[in-house]
Amino acid sequence: MMEYYKFNTFSFFRYYYHIPKSVKLRWCIIVEKAGNAKIAELRLGVYVNEWLYIDVAGRRFYNCIDCGLIVRKTYPARRTDEGENYCYRSESNGMFLVKPKTFISDLYRSSVYGTAKRLDLI
């Protein structure tokens, strides 16, 4: 069975979403705010370019947008190992997210492995 750390790589995201190696990927923190809400939601993402990202938990691509009714912005982040967790810290401000190392594998394992066969991804 694929170990959880292999899900925590850009190679996995390239395979899963068919992203060529020529596209540089980075971790990012997604800030999403709806309407006049005073509190924004922070989520983990994979930064593809200045207007496109993958919402890790949403398991799909989204566009950065600021249209008044909804605001979605990304902030490139660095990941650090903190024992059982990874800390994703924004490079441009003080925002950070702490997620367990198994966070990504918990979300994607069921869609990668079928009951009939195992996929060797990496």
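Values in this document were obtained by computation on a predicted structure and should not be read as measured data.
- For the pair K99/Y88, a side-chain contact is recorded, criterion being any heavy-atom separation below 4.5 Å from C-beta on.
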Test side-chain contact (heavy atoms from CB on, under 4.5 Å) applied to V31 and Y75, step by step: CA-CA 8 Å; V31 177; Y75 297 90; 3.6 Å; yes
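- A cation-pi arrangement is found for R60 relative to Y62, the charged atom lying closer than 6.0 Å to the ring centre and inside a 45° cone about the ring normal.
- Both I19 and I104 belong to a single network of hydrophobic side chains, linked directly or stepwise wherever heavy atoms of I, L, V, M, F, W or Y lie under 4.5 Å apart.
- No continuous path of ILVMFWY side-chain contacts below 4.5 Å connects I30 to V48, so the two sit in separate hydrophobic clusters.
- Here the side chain of K73 pairs no donor or acceptor atom with the backbone of I29 at under 3.5 angstrom.
- Judged purely by atom type and a 3.5 angstrom limit, R14 has no side-chain atom pairing as donor or acceptor with the backbone of T9.
- In the hydrophobic clustering of ILVMFWY residues, with side-chain heavy atoms under 4.5 Å counting as a link, I54 and V23 come out together.
- Hydrophobic clustering of Ile, Leu, Val, Met, Phe, Trp and Tyr side chains at less than 4.5 Å, counting indirect connections, keeps Y53 apart from V56.
- Atom SG in C28 sits 7.0 Å away from atom CG in L44 (nearest 0.5 Å).
- Linking ILVMFWY residues whenever their side-chain heavy atoms come closer than 4.5 Å, directly or via other members, leaves Y47 and W27 in distinct clusters.
- No donor-acceptor pair under 3.5 Å is formed between the side chain of R72 and the backbone N or O of C64.
- Ionic pairing of K33 and E41 is not present here: no N-O contact between side-chain nitrogen and carboxylate oxygen is shorter than 4.0 angstrom.
- A salt bridge links E91 to R26: at least one charged side-chain nitrogen sits closer than 4.0 Å to a carboxylate oxygen.
- Under a 3.5 Å cut-off, the side chain of R79 and the backbone N or O of N8 do form a donor-acceptor pair.
- Each of F61, Y108, F7, F10 was scored for a ring-ring contact (aromatic ring centres under 6.0 Å, His included) with Y16, with one residue passing: Y108.
- Judged by distance alone, with hydrogens and angles left aside, the side-chain atoms of N49 form a donor-acceptor pair with the main-chain N or O of W51 at under 3.5 Å.
- Taken to the nearest 0.5 Å, the CZ atom of R78 stands 13.0 Å off from the SG atom of C87.
- Classification of D81 and K101 as a salt-bridged pair holds, one side-chain N sitting under 4.0 Å from a carboxylate O.
- Residue F96 qualifies as open at atom CZ: its count of foreign heavy atoms under 6.0 Å is 12 or below.
- Screening I65, I70, V71 for a side chain to side chain contact (heavy atoms under 4.5 Å, CB included) involving E32 leaves a single residue, I70.
- No donor-acceptor pair closer than 3.5 Å links the side chain of T102 to the backbone N or O of S105.
- Contact detail for A57 and L107: the closest heavy-atom pair is CA-CD1, 3.6 Å.
- Aromatic ring orientation, F13 versus Y17: parallel (interplanar angle below 30°, classes split at 30° and 60°).
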